[in-house]
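Each remark here refers to the structure printed beneath this line.
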Amino acid sequence: IKGGVFLILGVVALGRYCGNGRSYGWAWNPIGFTRKQIEENSTWGNLTPRGTITMETIETGLILFYGCTNVFLEHLAGAGGAWTAKDLQHVSIAFMYIGTGLCGVLIEGQLNKWRYEKAKELLVNGNPQDEETVCGSPGYSPNPFPTFTIFWTGILMSQHAQASELSTSVHTQWGSLLSYGSFFRILTYIIFYLKPAKSSKPTRPITELITSFCLICGGIIFMESTDQVIEAMEYRGFTPLFTCNISVGVSVLLMSWLIILFMLKQKLDNLKNRS
């Protein structure tokens, strides 16, 4: 389940690169909504703040929720027994998720006005209709906490002592991948902060391709790092590189398949708009 979270996050990152969610400003594109557009979509409009609901808002909310639920889930394997050092290590990570998730949600509130003003600055080019924008976003929110959470999850778990050398090596693999993915996500923020996109069309930063690969591959290896899989690998004499090689191949094949699906979706959307 936990590895699947990062796998899905990688798929979402790849979808954003391919232009998915561009109508909400989730494809790294600035977006603005007029009062008429908000009124036409009353359900979404009532929930949309002035700086819109960004992907960072969703990520920090899910991080907070995940941390709250993960506190009691870490002791399920030894329910009724004494808490071990391993349980406490995992719970401390859950506390980190609660703290970073809460900080991220609060920061999104602080950045609400900044996102709106930044969107107005990028989108208003003498067009009177643009001046009627009541809410908008530059396509991103300079909120470091989602990336900070993934980075420290990778660092902590890559140094997390395990019962065997093989298990420790596998944890190091996926922990390092999550850390690398966070590094390239930070580069994405720096690129947009220095040179923000001024078109409402989807922006495709090359760094996000590497980020999505690291998250997808890291999530797959994470799912392989369970005790049962590690015991099966040790029994058959497999090395840590065995899972890494297979996971890298599966990850890029999955990415290629997803890119094809997103391309088909975009073509169908274009045909629908023409009709």
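Of the inter-residue distances, the one linking Met255 atom CE with Leu14 atom CG reads 5.0 Å to the nearest 0.5 angstrom. Between Thr153 atom OG1 and Met96 atom CE the span is 3.5 Å, to the nearest 0.5 Å. From Glu231, atom CD reaches atom OG1 of Thr226 across 9.0 Å, with rounding to the nearest 0.5 Å. In this structure, the separation between CD1 on Ile63 and OH on Tyr66 is 10.5 Å, given to the nearest 0.5 Å. To the nearest 0.5 Å, the span separating NZ on Lys120 from CZ on Arg50 amounts to 8.0 Å. Between the CD1 atom of Ile216 and the CG atom of Leu253 there is a distance of 11.5 Å, given to the nearest 0.5 Å.
Both Val250 and Val5 belong to a single network of hydrophobic side chains, linked directly or stepwise wherever heavy atoms of I, L, V, M, F, W or Y lie under 4.5 Å apart. Hydrophobic clustering (side-chain heavy atoms under 4.5 Å, transitive across Ile, Leu, Val, Met, Phe, Trp, Tyr) groups Val12 together with Ile58. Connection of Ile93 to Phe151 is established within a shared hydrophobic cluster, with ILVMFWY side chains joined at heavy-atom distances below 4.5 Å, either directly or through further cluster members. Hydrophobic clustering (side-chain heavy atoms under 4.5 Å, transitive across Ile, Leu, Val, Met, Phe, Trp, Tyr) groups Leu166 together with Ile246. Taken together through direct or relayed side-chain contacts under 4.5 Å among Ile, Leu, Val, Met, Phe, Trp and Tyr, Leu102 and Phe95 form part of one hydrophobic cluster.
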Checklist entry - Can you list the steps and then say if Ile31 with Ser23 is a side-chain contact (heavy atoms from CB on, under 4.5 Å)? => result CA-CA 7 Å; Ile31 192 73; Ser23 57; 5.9 Å; no
Next on the checklist: Working note: Thr147 + Tyr189, criterion side-chain contact (heavy atoms from CB on, under 4.5 Å); need CA distance, chi angles, decisive distance, verdict.
Outcome noted: CA-CA 10 Å; Thr147 306; Tyr189 286 135; 3.7 Å; yes
Next on the checklist: Please determine whether side-chain contact (heavy atoms from CB on, under 4.5 Å) holds for the pair Leu215 and Ile150, giving the CA-CA distance in whole Å, both sets of side-chain angles, and the decisive distance to 0.1 Å.
Outcome noted: CA-CA 9 Å; Leu215 291 172; Ile150 297 174; 4.2 Å; yes
Checklist entry - Passes side-chain contact (heavy atoms from CB on, under 4.5 Å), Thr34 versus Val134? Steps please. => result CA-CA 5 Å; Thr34 63; Val134 294; 5.8 Å; no
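Nearest heavy-atom pair, Glu108 versus Glu56, reported as atom, atom and distance to 0.1 Å: OE2-CB, 3.7 Å. The two residues Trp26 and Ile53 come nearest to each other via the heavy atoms NE1-O, 2.9 Å. Of all heavy-atom pairs spanning Gly104 and Asn143, the tightest one is O-ND2, 3.0 Å. In plain terms, the two heavy atoms of Cys135 and Pro49 that are nearest each other are CB-O, 3.5 Å. Listed here is the closest heavy atom pair of Phe262 and Cys18: CB-CB, 3.7 Å. Heavy atoms only, all atoms of each residue included: Pro30 and Ala197 are closest at CG-O, 3.3 Å.
Contact annotation: the side chain of Phe33 approaches that of Thr52 to within less than 4.5 Å [non-hydrogen atoms, C-beta and beyond]. Side-chain contact between Leu254 and Leu7: present, with at least one pair of heavy atoms (C-beta onward) separated by less than 4.5 Å. For the pair Pro138 and Arg115, the minimum side-chain heavy-atom distance is below 4.5 Å. Two residues are said to be in side-chain contact when any heavy atoms from C-beta on lie closer than 4.5 Å; Leu9 and Glu59 meet this criterion.
Between Tyr193 and Trp114, the two ring planes are parallel [angle under 30°; tilted spans 30° to 60°]. A parallel orientation is assigned to the rings of Trp28 and Phe192, their planes being inclined by less than 30° (bins at 30° and 60°). Using cut-offs of 30° and 60° on the angle between ring planes, the pair Phe148 and Phe145 is perpendicular.
Defined by atom type and a distance below 3.5 Å, a donor-acceptor pair is missing between the side-chain atoms of Thr54 and Ser141. In this structure, a donor-acceptor pair under 3.5 Å is present between the side chains of Ser164 and Glu234. The closest side-chain donor-acceptor pair between Ser179 and Ser182, if any, does not fall under 3.5 angstrom. Side-chain N/O atoms of Tyr17 and Thr211 include no donor and acceptor closer than 3.5 Å.
For the side-chain contact (heavy atoms from CB on, under 4.5 Å) with Gln173, the qualifying choice from Pro240, Cys217, Ser225, Ser247 is Pro240, the only one to do so. Asp269 pairs with exactly one of Lys267, Lys265, Gln266 by the side-chain hydrogen bond (donor to acceptor under 3.5 Å, both in side chains) rule, that one being Lys265.
Residue pairs meeting the salt bridge (charged side-chain N to carboxylate O under 4.0 Å, His left out) criterion with at least one partner in residues 200-209, sequence neighbours excluded, are Arg185-Glu208.
Through side-chain heavy atoms spaced under 4.5 Å, either directly or across other Ile, Leu, Val, Met, Phe, Trp or Tyr residues, Leu264 is tied to Ile260.
Taking a 6.0 Å sphere around OH of Tyr180, one finds it holds 12 or fewer heavy atoms contributed by other residues, nucleotides or ligands.
Using modelled atom types, one side-chain atom of Asn29 and one backbone atom of Ala27 make a donor-acceptor pair closer than 3.5 Å.
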